[in-house]
Amino acid sequence: MSEPRSEFLRDIVARGFMHQCTDLDALDEKAANGTVVAYIGYDCTGPSLHVGHMVSIMMLRRMQQTGHKPIVLMGGGTTKVGDPSGKDEQRQLLTDEQIAANMASIRKSFENYVTFGDGPTDAVMVNNDDWLSELQYIPFLRDVGRHFSVNRMLSMDSVKLRLDREQPLSFLEFNYMILQGYDFVELYRRYGCCLQMGGSDQWGNIVNGVELGRRVANAQLFGLTTPLITTASGAKMGKTADGAVWLNADMRSPWEYWQFWRNTEDADVGRFLRLFTDLPLDEIARLEKAEGAEINEAKKILANEATTLCHGAQAAAEAAETARRTFEEGDAGEGLPTVTIDAARLNAGLPLYEAMKEAGLAQSNGEARRLIKGGGARVNDQPVQEELRSLTSDDLGSDGAIKLSAGKKRHALLRAE
RNA sequence: GGAGGGAUGCCUGAGUGGUUAAAAGGGACGGGCUGUAAACCCGUUGGCUAUGCCUACGGUGGUUCGAAUCCACCUCCCUCCA
């Protein structure tokens, strides 16, 4: 197809959100002529989403901005069943209260990206437990199961891969695609939802839903997937030194969030600006042209924009200022993660490794000691030689804090009281 | 139901009685070079009250001076046969 007619598709194609679509022309037609209701499904086993979810979250944002209605589907029902995939990571069963708490927490994050409400283009959040838990086995098999050919299910990638590798596949798992397909039909009936989006790994499941909709509801449904986002060096995006980059501020501070984006590889800057910020495309084109060290300016803009969306403009500005003082002036930025310890311990001489552990710069004393031994630790920007160096009140700077560093990028302030 | 094979550190995967906190690779972290980038080179990679102690090779018991390694039972997985 040439240039899409609808603003929605034009926007997401230009920004790199498009991977595959079941019927791009027909969807374009529909989006150009009216409001499209679309959904993306999320797991709710945890209280927060992370950067790996950002592409789909931004997708919903783009939708709403171009006049359509996003639905956030939470997999409360499927969570209850428990996903048997992954051999050492069987999901613990969560109680209804935990699921409700997780949903509420995730919804708070979403509120930064889409507007919830009752209007025609307001977002809604729904839980598939509302209908999945009501299902009755025999009627479900008769109404929905009859439309799934086992022959075809066996040929689906997700299944075939498992079988080819001779890995186990439980019947429960085998049913996942059916339940997911059913979600789509249910959302169509309840909200007139006609588009499901998701990562490229969801393609098979999405197509199943589209098919099922045609068969049981005679509906024309659409599926659209986003590409899997990896960094230019091929790594899956969204992990750092200590795990996932969560969106909730209490799990990952805005400062760390800002740092995550600031540390983007050169080759990814343009792509990420298009995907993860609202900046106009022509401005991004200008920014990504920067050569050499100048690209760092674009990275700062990326970090500012992404952090503003997630944590607000003030938090982003504070993180940027902390970064400027810490990295460009070699100063102890006020906004660095700060831990407070008992002054008595400092007076008595606090082993550096212990302080580093408590400041979150190392997971264990041993790791901290290795770090020191390897020359990666600094106190007030002075490299540390002795592995058993102790901190005392003499190390306190003029601002009453000791700056601890692990490597060049991870810093923390230690205050006594 | 029968026969055989397997379960090792973050992951893959060696190791079949002591020198094994466990080869090798990956990943991750740190150092060097840089631009808070990539690539490359080097180092580190169980915990602790740290020249020692503790925990660890699916689980529980046992044999032995000594077990990831041998035996018994259990759990889970795979293959073949019914």
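Here is how names work: the chains are called A, B, and so on, in the same order as the sequence lines, proteins then strands, and each is numbered from 1. Just so we're clear, the structure is a prediction, and the values are computed from it rather than from any experiment. These values consider heavy atoms only, across backbone and side chains, with no hydrogens, waters or symmetry-generated copies.
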How far does the C1' atom of B:C77 sit from the matching atom of B:A22, given to the nearest Å?
24 Å
Mind checking the C1' distance from B:U49 to B:G58? Whole angstroms is fine.
32 Å
Measure the distance from CZ on A:R410 to P on B:C29 and round it to the nearest whole Å.
8 Å
With rounding to the closest Å, how many angstrom separate the C1' atoms on B:A56 and B:A67?
13 Å
Side-chain H-bond candidate by donor/acceptor type, A:T115 with A:D122, under 3.5 Å
no
Rounding to a whole Å, what distance do you find between A:L371:CG and B:A28:P?
17 Å
Side-chain ion pair, A:K108 and A:E111, N-O less than 4.0 Å:
no
Can you list every stem that RNA chain B is part of, counting only runs of 3 or more consecutive Watson-Crick or G-U wobble pairs with both distances under 3.5 Å?
B:1-7 with B:75-81, B:10-12 with B:24-26, B:27-32 with B:40-45, B:46-48 with B:52-54, B:58-62 with B:70-74
For the P atoms, the ones on B:G35 and on B:C53, what distance do you get once it is rounded to whole angstrom?
49 Å
Take the protein atom NZ of A:K373 and the nucleotide atom C1' of B:U44, then report the distance between them rounded to whole Å.
9 Å
Give every donor-acceptor pair under 3.5 Å between a side-chain atom in residues 288-295 of chain A and any protein atom, sequence neighbours left out.
residue : atom : partner : partner atom : Å
A:E288  : OE1  : A:R274  : NH2          : 3.2
A:E288  : OE2  : A:R274  : NH1          : 3.3
A:E288  : OE2  : A:R274  : NH2          : 3.0

B:C29 to B:G15 separation - P atoms, rounded to the nearest Å:
31 Å
Note: A:R324-A:E321 ion pair, threshold 4.0 Å (strictly below):
yes
Test: A:R214 and A:E211 ion pair at under 4.0 Å:
yes
Does the Lys NZ or Arg CZ of A:R61 fall within the cation-pi geometry relative to A:Y113 - under 6.0 Å from the ring centre and within 45° of the axis?
no
Using 30° and 60° as the class limits, which term best fits the ring planes of A:F276 and A:F272: parallel, tilted or perpendicular?
perpendicular
With rounding to whole Å, what would you report as the distance between B:A23 and B:U63 at their C1' atoms?
28 Å
Take nucleotides 32-37 of chain B nucleotide by nucleotide from the 5' end and write B, S or -, depending on whether a protein heavy atom sits under 4.0 Å from the base, only from the sugar-phosphate, or from neither.
S-BBBB
Sticking with atom C1', work out how far B:A24 lies from B:G4, rounded to a whole angstrom.
29 Å
For atom CZ of A:R369 and atom C1' of B:C29, their distance in whole Å
18 Å
Using the C1' atoms only, state how far B:G6 lies from B:C65, rounded to an integer number of Å.
32 Å
Apply ring-ring contact (aromatic ring centres under 6.0 Å, His included) to A:F327 and A:H411, showing your working.
CA-CA 10 Å; A:F327 289 103; A:H411 308 279; 5.4 Å; yes
Could I get the full list of side chain to side chain contact (heavy atoms under 4.5 Å, CB included) partners for A:A303, not counting sequence neighbours?
A:W258, A:W261, A:R262
Sort me out a list of protein N/O and nucleotides 45-48 of chain B N/O pairs below 3.5 Å, or just none if empty.
residue : atom : partner : partner atom : Å
B:G47   : OP1  : A:S364  : OG           : 2.8
B:G47   : OP2  : A:R370  : NH2          : 2.4
B:C48   : OP1  : A:N365  : N            : 3.0
B:C48   : OP2  : A:G366  : N            : 2.8

Here's one to test your reading of the geometry: is the NZ or CZ of A:R62 within 45 degrees of the ring axis of A:F17 and under 6.0 Å from its centre?
no
Does A:E386, at its CD atom, have more than 12 non-hydrogen atoms belonging to other residues, nucleotides or ligands within less than 6.0 Å?
yes
Spacing of A:I372 atom CD1 relative to B:A50 atom P, expressed in whole Å:
14 Å
According to ring-ring contact (aromatic ring centres under 6.0 Å, His included), does anything in residues 280-322 of chain A pair up with another residue at least two apart or in another chain? List the pairs.
A:Y257-A:H311
